[in-house]
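Data block below; observations after.
All residue numbers refer to positions in the sequence shown, counting from 1.
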Amino acid sequence: MVGLRPGLGDAEELRARVRRQQAQGYRLLAAWRAGEPVGLAGYREQENLIYGRFVYVDDLVVREDVRREQLGERLLAAVAAEAQRLGCARLVLDTGMANALAQRFYFRQGLLALGMHFSRSLG
């Protein structure tokens, strides 16, 4: 996860954040190799007026040395299958504007850019 979220201080901070997010329905799916996680997908079911019920992918990361092994595709497919099982009609995620490699990956997975995500710091 540190590869995707370098601002995480340490393993304890990651665990604390995941526990808080789990209270909001966050789930973490892992791809394992030799007892070690090599890919992670963090997601949660949500509902809003735009999409109705949907699954939002908070985090999707695969360790760099195994990125050519379709683990990201398989993780995303597993999350999409879970979304369908939950009765959700849509899968939604955000990625950075400068993250061209991720954008190409998402387009290949059938995801389309439908809008822009805006944010600002409050502190």
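The ring-ring contact (aromatic ring centres under 6.0 Å, His included) pairs that include a residue from residues 87-112 number zero, where partners must be two or more places apart or lie in different chains. Listed by first and then second residue, the salt bridge (Lys or Arg N to Asp or Glu O under 4.0 Å) pairs that reach into residues 28-52 are Arg33-Glu69, Glu36-Arg63, Arg44-Asp58, Glu45-Arg53, sequence neighbours excluded. Sorted by first and then second residue, the side-chain hydrogen bond (donor to acceptor under 3.5 Å, both in side chains) pairs with a member in residues 82-92 read Arg27-Glu82, Glu82-Arg85; sequence neighbours excluded.
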Just distance, no hydrogens or angles: give the donor-acceptor pairs under 3.5 Å from side chains in residues 108-123, sequence neighbours left out.
residue: His117; atom: ND1; partner: Asp94; partner atom: OD2; Å: 3.0
residue: Ser121; atom: OG; partner: Gly123; partner atom: N; Å: 3.3

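Hydrophobic side-chain contacts under 4.5 Å tie Phe54 into a cluster, directly or through other members, with Ile50, Tyr51, Tyr56, Val92.
Across every non-hydrogen atom of Ala31 and Leu75, the tightest pair is N-CD2, 4.1 Å. Taking each heavy atom of Val79 and Ala41 in turn, the nearest pair found is CG2-CB, 3.9 Å.
Under the rule for a salt bridge (charged side-chain N to carboxylate O under 4.0 Å, His left out), Arg68 has no partner lying at least two apart in sequence or in another chain. Scored by the side chain to side chain contact (heavy atoms under 4.5 Å, CB included) test, Glu13 finds Leu8, Asp10, Arg17 as partners (sequence neighbours excluded). Partners of Leu101 according to the side chain to side chain contact (heavy atoms under 4.5 Å, CB included) rule, which considers only residues two or more places apart in sequence or in another chain, are Asn99, Arg104. Judged as a side chain to side chain contact (heavy atoms under 4.5 Å, CB included), and not counting sequence neighbours, the contacts of Ala83 are Val55, Cys88. The side chain to side chain donor-acceptor pair (under 3.5 Å) check on Arg20 picks up nothing, with sequence neighbours excluded.
Under a 3.5 Å cut-off, the side chain of Gln103 and the backbone N or O of Gly96 do form a donor-acceptor pair.
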Exercise. Give the C-alpha distance, both sets of side-chain angles, the deciding distance and a yes or no for side-chain contact (heavy atoms from CB on, under 4.5 Å) between Val38 and Trp32.
Key: CA-CA 6 Å; Val38 293; Trp32 294 85; over 6 Å; no
Self-check item: Criterion side-chain contact (heavy atoms from CB on, under 4.5 Å) on Asp59 and Leu40, from CA distance to verdict
Solution: CA-CA 7 Å; Asp59 311 295; Leu40 298 169; over 6 Å; no
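Atom-to-atom distance recorded for Leu28:CG and Gln22:CD is 8.0 Å, nearest 0.5 angstrom.
In this structure, Glu64 places its CD atom where only 12 or fewer heavy-atom neighbours from other residues, nucleotides or ligands lie under 6.0 Å away.
A 4.5 Å side-chain heavy-atom check between Leu91 and Leu76 finds at least one atom pair inside the cut-off.
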